[in-house]
Structure formats: C-alpha cells, structure tokens
Amino acid sequence: MPGTRNRSSYQQFNDEDYEGDEGNGQSQDSIDDVDEETVPVESNGNVRQEDDMRGNSPPRRFSKTCMKNVFTVLLIFIYLVLTAVAIFLAYQTISDFLNKLSQPVMSVSYKEVDSFSPPGIALFPDGAQLLSCKHHYHDNIPPLVDPGTPQEGDCEITEVTYFGPFTERKQKRAVVVRGPSDVKNKELIFMQFSQNETQEDFSAISYMLFAKFSDLIESANKSEFMRDCERNYSMWTFSGGFRTWVKMSLVKTSGRRSEAVEFRQESGVVKFNDKRSESEQTVQLFFVVFEWRDPYIQEIRLIVTANPWSSIGILCVVFMALFKAANFAKLTIKWIIKMRKRHLKHKARELNSIS
C-alpha cells in the first residue's frame with residue numbers, strides 16, 4: 001500500500017528524531033526540527049507527496065541558514081569593533097595620564113596688597129660714587145639742585161664686599177639699598193651717582209634685586225648671602241647721562257617642592273639735560289628711580305591635572321567592556337558551533353530520508 005508505506009517511513013523518521021533527542025533532554029532545537037520535518041496529513045488520511053515537501057523545504061531552510069550566517073558575521077564584526085575601541089581607549093587614557101603627570105600646567109593668580117616687603121636693591125658702582133638717595137611719594141621728584149655734588153639722603157644703605165660666584169678671584173663691592181614698600185602712595189627711591197672720566201667706551205652701573213632687604217640684615221654671613229643672590233637672581237644695568245625709571249613687579253612661583261621669588265621690571269630712559277659748565281661735564285652722572293609698577297603680586301603655581309582616580313575609573317570601565325566583549329565572543333563561538341551541528345543534523349536527516 002503506498003499510503004501505508006509512506007506513513008511507516010514518516011513514523012520511522014520521527015522515531016529516530018526522538019531517539020536522538022532523548023540524550024539531549026529534548027531541547028528546543030530538536031522540537032523545532034520535528035516541526036520543520038512534520039508533514040500535514042490530508043483529510044482523507046493520505047500524506048502529501050514527498051516531492052512537494054522536498055520542493056518547498058530546502059529553499060526556506062537555505063534562506064534561514066543564510067540569514068543566520070549573516071547575523072553571525074555581523075556579531076563578530078561588532079565584537080571586533082568593541083574590542084578595538086576598548087583597547088584604544090585604554091591606551092589613550094594611560095598616555096594622557098602620563099603626559100599630564102610629566103607636564104604640569106601653570107595657574108596664574110594676582111594678589112592685591114597695600115604694601116610690599118622692602119626689597120633689596122644691590123648696586124655695583126665700581127668706580128662711581130653714590131651722591132644721594134631719597135624717598136619720594138606720588139611720583140613727585142623735585143628739580144635737581146647742584147647735580148654732581150653730594151646731598152643729604154634718607155635711605156637705609158649697607159655695603160658688602162665679597163667674591164663673586166663666577167669670578168672668585170675678583171672682589172666685588174655692593175651698595176645695598178632698602179627698597180620702597182608703600183605701593184598705595186607710590187613710594188619711590190631716587191638715586192644719583194657720579195663717575196670721573198673713564199677710558200671705557202660705555203659707562204653703566206649694574207644692579208640686582210632680591211626679595212627682602214631684611215634677609216640681608218638678619219644674615220649671619222652677608223658675603224655668602226650676596227654670593228647666593230648673585231647666583232640665583234638676574235643682573236641689569238642703567239647708563240650714564242640718563243634718568244632710568246625702573247618699575248618693579250613681584251612674581252612668586254610655587255613648584256612641586258620649592259618656591260621661588262623673582263622680579264620683573266619695566267624701565268624707561270630719559271635724557272639728562274646737562275646744564276653744567278664744560279669743565280664740570282667731565283664727571284659723568286647717573287640717575288635711577290625705583291618704584292613698584294602696581295599693587296599686585298603675581299603668583300604662579302604648577303598644577304598636575306592628572307587625576308589618578310578618574311583614570312583608574314576609566315580603566316575599570318574599559319576592562320569591564322573587554323570582559324563583556326570576551327564573554328560575548330565566547331557565547332558567539334558556542335552559538336556558531338551549535339548552528340553548525342544543527343546544520344549537519346539537518347543534512348544527515350535529508351540524506352536518510354532520501355535513502
């Protein structure tokens with residue numbers, strides 16, 4: 001009987017299916033396989049032709065397999081992209097942290113004060129002579145009276161002799177003057193020097209500024225103190241025949257381990273109209289004014305912007321992403337193996353049904 005033979009073959013195919021599924025606990029995949037292989041029975045008890053089933057099932061199964069393969073490739077590509085992004089983010093985070101750690105940024109702030117600590121003004125006149133040193137206020141410098149002659153002064157002056165740090169065999173003489181402090185009332189110091197005719201082509205007097213005049217007075221060894229100042233501070237000059245107006249500003253720099261104090265200055269030069277007789281003009285005159293530029297102290301701090309806690313947090317997120325990506329890759333591989341086994345099972349069933 002053709003109908004009986006077809007029904008028994010179908011029943012035998014189903015029995016084999018269930019036997020294979022018993023070892024696996026009757027998974028959902030085996031149930032799907034049974035559904036896919038089941039052929040509806042006609043109302044008169046006859047089974048549909050196998051040729052119709054074989055003509056309709058392979059194209060559908062092929063399309064499902066193709067879609068699953070495309071989806072698998074897409075998942076693998078997403079995994080690779082996520083892994084590459086996580087690795088790049090970790091590398092970039094570590095590089096930025098090391099770069100910020102080695103290159104701190106500068107934070108500049110200005111502090112307004114009414115008065116400064118009197119600085120030390122060290123002048124090196126060599127052959128020149130200090131004629132006068134006076135304090136004035138509000139930029140009010142009276143006209144010169146008998147320029148070139150010694151006059152009374154009101155400055156606090158200390159002389160120090162020492163051997164320079166760079167020319168140890170040459171003894172130097174420094175005239176140290178207590179600088180202005182009242183910046184609110186524009187306190188300034190006006191000094192004049194004289195020097196006899198010299199054989200040099202140019203005439204100038206060097207000077208140096210250091211933070212506090214009181215540090216020199218309180219120092220046990222003034223010569224050693226001046227050596228250290230000359231080693232750490234800059235030297236400037238002012239020329240003869242001019243009035244040099246020096247406006248000082250104080251800069252404090254706080255580093256990682258120490259704090260440094262330095263002066264910045266703006267200077268202007270005005271020609272001296274010498275009204276002396278020709279015989280008196282053989283003595284060259286020097287004029288210099290020291291004043292604070294403004295009541296602000298510039299404070300520079302070196303700040304390390306690298307925050308280890310934020311970097312550690314970012315790295316933790318990156319490592320979690322890598323862990324998730326690895327878990328995703330593991331599940332993807334298992335899914336691929338499962339799909340491969342399922343495809344081989346379908347293929348074996350088709351061959352058995354044909355035979």
Side-chain angles (χ1 to χ4, degrees), residues 112-159 174-197 202-214 216 233-251 263-297:
E112 185 176 4
V113 296
D114 293 332
S115 61
F116 290 90
S117 297
I121 305 173
L123 303 109
F124 303 91
D126 291 334
Q129 178 185 2
L130 178 62
L131 298 179
S132 66
C133 178
K134 290 186 178 182
H135 289 262
H136 299 282
Y137 292 89
H138 303 290
D139 298 340
N140 183 19
I141 300 178
L144 295 175
V145 178
D146 294 333
T149 59
Q151 299 178 8
E152 294 182 359
D154 55 3
C155 296
E156 184 178 349
I157 301 173
T158 302
E159 289 194 12
V175 178
V176 184
V177 180
R178 185 178 184 271
S181 61
D182 190 354
V183 65
K184 186 176 182 180
N185 293 320
K186 293 187 177 181
E187 180 187 6
L188 58 88
I189 290 178
F190 176 69
M191 290 181 283
Q192 59 174 320
F193 294 82
S194 66
Q195 184 179 18
N196 293 330
E197 188 175 359
F202 302 95
S203 298
I205 294 177
S206 300
Y207 67 93
M208 174 182 63
L209 303 173
F210 58 90
K212 294 181 180 180
F213 179 78
S214 58
L216 173 64
Y233 290 95
S234 301
M235 301 283 291
W236 292 282
T237 58
F238 59 93
S239 302
F242 298 91
R243 187 187 69 180
T244 304
W245 198 297
V246 179
K247 293 189 176 182
M248 306 173 293
S249 61
L250 190 62
V251 180
F263 285 87
R264 294 178 182 175
Q265 64 173 17
E266 296 178 359
S267 60
V269 177
V270 179
K271 186 179 181 301
F272 169 60
N273 296 321
D274 198 349
K275 301 177 181 179
R276 298 175 298 169
S277 61
E278 294 183 0
S279 60
E280 294 177 344
Q281 291 182 6
T282 57
V283 177
Q284 194 171 18
L285 299 180
F286 301 79
F287 305 94
V288 62
V289 179
F290 289 96
E291 181 187 10
W292 289 104
R293 187 184 66 180
D294 49 46
Y296 297 99
I297 300 176

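Side-chain contact between Met248 and Pro180: present, with at least one pair of heavy atoms (C-beta onward) separated by less than 4.5 Å. Val289 places none of its side-chain heavy atoms less than 4.5 Å from the side chain of Asp139.
The list of salt bridge (charged side-chain N to carboxylate O under 4.0 Å, His left out) pairs with a residue in residues 144-156, not counting sequence neighbours, reads Glu156-Arg178.
For Glu266, the salt bridge (Lys or Arg N to Asp or Glu O under 4.0 Å) partners are Arg293, not counting sequence neighbours. Partners of Phe210 under the ring pair (Phe, Tyr, Trp, His ring centres under 6.0 Å) rule, at least two apart in sequence or in another chain, are Phe225. Partners of Ser277 under the side chain to side chain contact (heavy atoms under 4.5 Å, CB included) rule, at least two apart in sequence or in another chain, are Ser279, Glu280. Contacts of Asp274 classified as salt bridge (Lys or Arg N to Asp or Glu O under 4.0 Å), with partners at least two apart in sequence or in another chain: Arg276. Among residues two or more places apart in sequence or in another chain, the ring pair (Phe, Tyr, Trp, His ring centres under 6.0 Å) test is passed with Phe272 by Phe287. Remark: Glu278 pairs with no residue by the side chain to side chain contact (heavy atoms under 4.5 Å, CB included) rule, at least two apart or across chains. Applying the side chain to side chain donor-acceptor pair (under 3.5 Å) test to Asn185 and every residue at least two apart in sequence or in another chain returns Asp182. The salt bridge (Lys or Arg N to Asp or Glu O under 4.0 Å) check on Glu159 picks up Arg173, with sequence neighbours excluded. Phe193 is linked by a ring pair (Phe, Tyr, Trp, His ring centres under 6.0 Å) to nothing, counting only residues two or more places apart in sequence or in another chain.
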Would you give me the side-chain donor-acceptor pairs under 3.5 Å for residues 233-245, sequence neighbours excluded?
| residue | atom | partner | partner atom | Å |
| --- | --- | --- | --- | --- |
| Trp245 | NE1 | Glu291 | OE1 | 3.0 |

Would you list the atom pairs, donor with acceptor, under 3.5 Å between side chains in residues 116-135 and any protein atom, with sequence neighbours excluded?
| residue | atom | partner | partner atom | Å |
| --- | --- | --- | --- | --- |
| Ser132 | OG | Gln192 | NE2 | 3.0 |
| His135 | ND1 | Glu187 | OE2 | 2.8 |

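For the atom pair Ser181 OG and Ile189 CD1, the distance stands at 8.5 Å (nearest 0.5 Å). How far CG of Leu144 is from CD of Gln151: 7.5 Å, rounded to the nearest 0.5 Å.
The backbone N or O of Gly148 lies less than 3.5 Å from no partner atom in the side chain of Ser194, so there is not a single donor-acceptor pair.
Applying the ring-ring contact (aromatic ring centres under 6.0 Å, His included) test between Phe290 and each of Tyr207, Phe190, Phe263 identifies Tyr207 as the sole match.
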